[in-house]
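Numbers here simply count residues along the sequence, with the first being 1. Only heavy atoms go into these numbers, but all of them, side chains included; no hydrogens, no water, no symmetry mates.
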Amino acid sequence: NGTVGLEFNGVNYTASNDTTANVFNVSIIDLAAGTYPYYWWGYGNGSGANFNLTLTKDYVIAKENVTINMVLSGTTPITYPTAGNFEGSETNVGDADCTYSFKADGVEASNPDTTIYGVKNIAYNYSVTGCSNYTDGSLNNTLIVNQGNPGVSLSITPSNAETVGTQTTATGSSCPTELTCELFRDNILKSNPEIKNLAVASYVYIYNTTGNTNYTSDSATEDRKSVV
């Protein structure tokens with residue numbers, strides 16, 4: 001057998017072959033995307049040692065679709081005031097020169113984004129640019145934040161039914177700080193809590209809020225009886 005080699009992108013490699021066949025090969029690994037010129041050359045082992053080479057051709061490695069190995073995910077919809085958990089992740093190899101960007105409503109955000117957003121739809125974009133081995137690309141997803149329920153509560157102590165002369169305390173609680181919650185007795189606004197000795201009668205306490213952009217309206221009701 002003669003000697004065969006490959007000049008690949010300006011570098012010479014000596015080819016090896018199976019002793020039973022005139023098939024020569026060269027292995028080159030870890031090539032980046034790009035265009036590489038190459039040609040084969042060889043010379044015989046006879047007295048003439050004739051030299052020959054092929055025409056120069058191009059070996060082309062195309063850029064991979066970058067989004068194949070990217071994920072943009074999170075829980076949606078969520079209820080206010082739950083923190084979001086949207087996150088962009090990737091498992092691309094050979095991406096040291098890539099620039100990744102994670103945005104919420106067009107603004108760079110922490111990744112993952114655990115912001116507590118008000119009621120709205122938040123548009124997420126996870127993108128990458130400037131890669132040698134990958135195409136530019138991006139993923140999009142939307143976080144939907146719905147109104148929360150305030151979960152107000154109302155209690156009467158020591159109990160809802162007491163004899164005349166026993167002081168009771170009606171207390172509304174669990175009102176989120178951004179809301180206005182009010183305590184009513186028989187539709188008349190009272191202080192919260194209301195501490196009172198009540199005459200013989202039945203009373204209805206209501207603790208409520210009209211809500212706001214982030215919260216629905218909510219109310220809690222308790223009956224109070226004062227007996228002889």
Side-chain angles (χ1 to χ4, degrees), residues 65-92 95 98-131 134-157 159-160 168-195 202-224:
N65 181 353
V66 72
T67 59
I68 290 177
N69 299 315
M70 293 172 59
V71 177
L72 174 58
S73 62
T75 303
T76 186
I78 59 175
T79 301
Y80 182 83
T82 303
N85 63 358
F86 263 72
E87 179 177 13
S89 61
E90 50 82 21
T91 56
N92 291 315
D95 62 344
C98 296
T99 300
Y100 291 89
S101 174
F102 181 77
K103 294 182 178 181
D105 282 344
V107 178
E108 289 289 340
S110 299
N111 186 11
D113 185 11
T114 56
T115 302
I116 298 176
Y117 289 101
V119 171
K120 61 185 295 190
N121 291 352
I122 297 92
Y124 281 97
N125 175 267
Y126 183 44
S127 64
V128 61
T129 58
C131 303
Y134 297 93
T135 59
D136 292 350
S138 65
L139 301 175
N140 297 287
N141 208 335
T142 302
L143 167 63
I144 300 172
V145 183
N146 293 324
Q147 281 185 307
N149 184 289
V152 299
S153 61
L154 175 60
S155 63
I156 299 176
T157 57
S159 74
N160 291 49
T168 58
T169 302
T171 306
S173 56
S174 301
C175 181
T177 56
E178 64 187 85
L179 295 181
T180 298
C181 300
E182 296 176 316
L183 179 66
F184 295 86
R185 174 166 49 85
D186 291 342
N187 297 318
I188 299 174
L189 181 63
K190 300 296 179 180
S191 60
N192 182 27
E194 183 185 52
I195 303 171
S202 294
Y203 305 90
V204 177
Y205 279 97
I206 298 175
Y207 184 59
N208 67 13
T209 177
T210 58
N212 63 6
T213 302
N214 294 324
Y215 284 104
T216 63
S217 60
D218 193 20
S219 67
T221 302
E222 290 286 345
D223 292 332
R224 161 72 169 91

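Considering only residues two or more places apart in sequence or on other chains, Tyr203 meets the ring pair (Phe, Tyr, Trp, His ring centres under 6.0 Å) condition with none of them. Here Ser73 pairs with nothing under the side chain to side chain donor-acceptor pair (under 3.5 Å) rule; sequence neighbours left out. For Gln147, the side chain to side chain contact (heavy atoms under 4.5 Å, CB included) criterion is met by Val119, Thr216, not counting sequence neighbours. Legend: residues meeting side chain to side chain donor-acceptor pair (under 3.5 Å) with Asn69, ordered by chain and number and at least two apart, are Asn92. For Ser174, the side chain to side chain contact (heavy atoms under 4.5 Å, CB included) criterion is met by Ser153, not counting sequence neighbours. Looking at residues two or more places apart in sequence or on another chain, you find a side chain to side chain contact (heavy atoms under 4.5 Å, CB included) between Thr135 and Lys63, Asn65, Val66. Taking the side chain to side chain contact (heavy atoms under 4.5 Å, CB included) definition, one finds that Pro77 meets it with Ile144, Asn146, sequence neighbours left out. Take Thr213 and apply the side chain to side chain donor-acceptor pair (under 3.5 Å) test, not counting sequence neighbours, and it matches no residue. With sequence neighbours left out, the side chain to side chain donor-acceptor pair (under 3.5 Å) criterion links Asn140 to Asn125.
Legend: side chain to side chain donor-acceptor pair (under 3.5 Å) pairs involving residues 104-113, not counting sequence neighbours, sorted by first then second residue: Ser101-Glu108, Asp105-Lys120, Asp113-Thr115, Asp113-Tyr117, Asp113-Tyr124. Counting only residues at least two apart or on different chains, the salt bridge (Lys or Arg N to Asp or Glu O under 4.0 Å) pairs with a member in residues 168-187 are Arg185-Glu194.
Nearest heavy-atom pair, Leu72 versus Leu139, reported as atom, atom and distance to 0.1 Å: CD2-O, 3.5 Å. The two residues Val152 and Cys181 have their closest heavy-atom pair at CG1-SG, 4.0 Å. Shown here for Tyr207 and Cys175, the closest heavy-atom pair between the two residues is OH-CB, 3.3 Å. Closest heavy-atom contact between Tyr205 and Leu183: CD2-CD1, 4.0 Å. When all heavy atoms are compared, the tightest approach of Pro193 to Thr169 is CB-CG2, 3.9 Å. Among all heavy-atom pairs drawn from Glu87 and Pro112, the shortest one is CB-CB, 3.8 Å.
Distance check: Ile68 CD1 to Thr91 OG1 gives 10.5 Å after rounding to the nearest 0.5 Å. With rounding to the nearest 0.5 Å, the separation of OG1 in Thr210 from OH in Tyr215 is 13.5 Å. From Met70, atom CE reaches atom OH of Tyr134 across 11.0 Å, with rounding to the nearest 0.5 Å. Separating the CG atom in Asn212 from the OG1 atom in Thr180 is a distance of 9.0 Å, to the nearest 0.5 Å. The line from OG1 of Thr82 to CD1 of Ile116 is 8.0 Å long, rounded to the nearest 0.5 Å. In this structure, Asn85 CG and Thr75 OG1 are separated by 4.0 Å, a value rounded to the nearest 0.5 Å.
Between Tyr126 and Tyr100, the two ring planes are parallel [angle under 30°; tilted spans 30° to 60°].
Using a 3.5 Å distance cut-off with no hydrogens or angles, the side chains of Asn121 and Thr142 do not pair a donor with an acceptor.
Between the side chain of Asn141 and the main chain of Ala123, no donor-acceptor pair closer than 3.5 Å is present.
The side-chain contact (heavy atoms from CB on, under 4.5 Å) with Phe86 is formed by just one residue from the set Ile122, Leu143, Thr114; it is Leu143.
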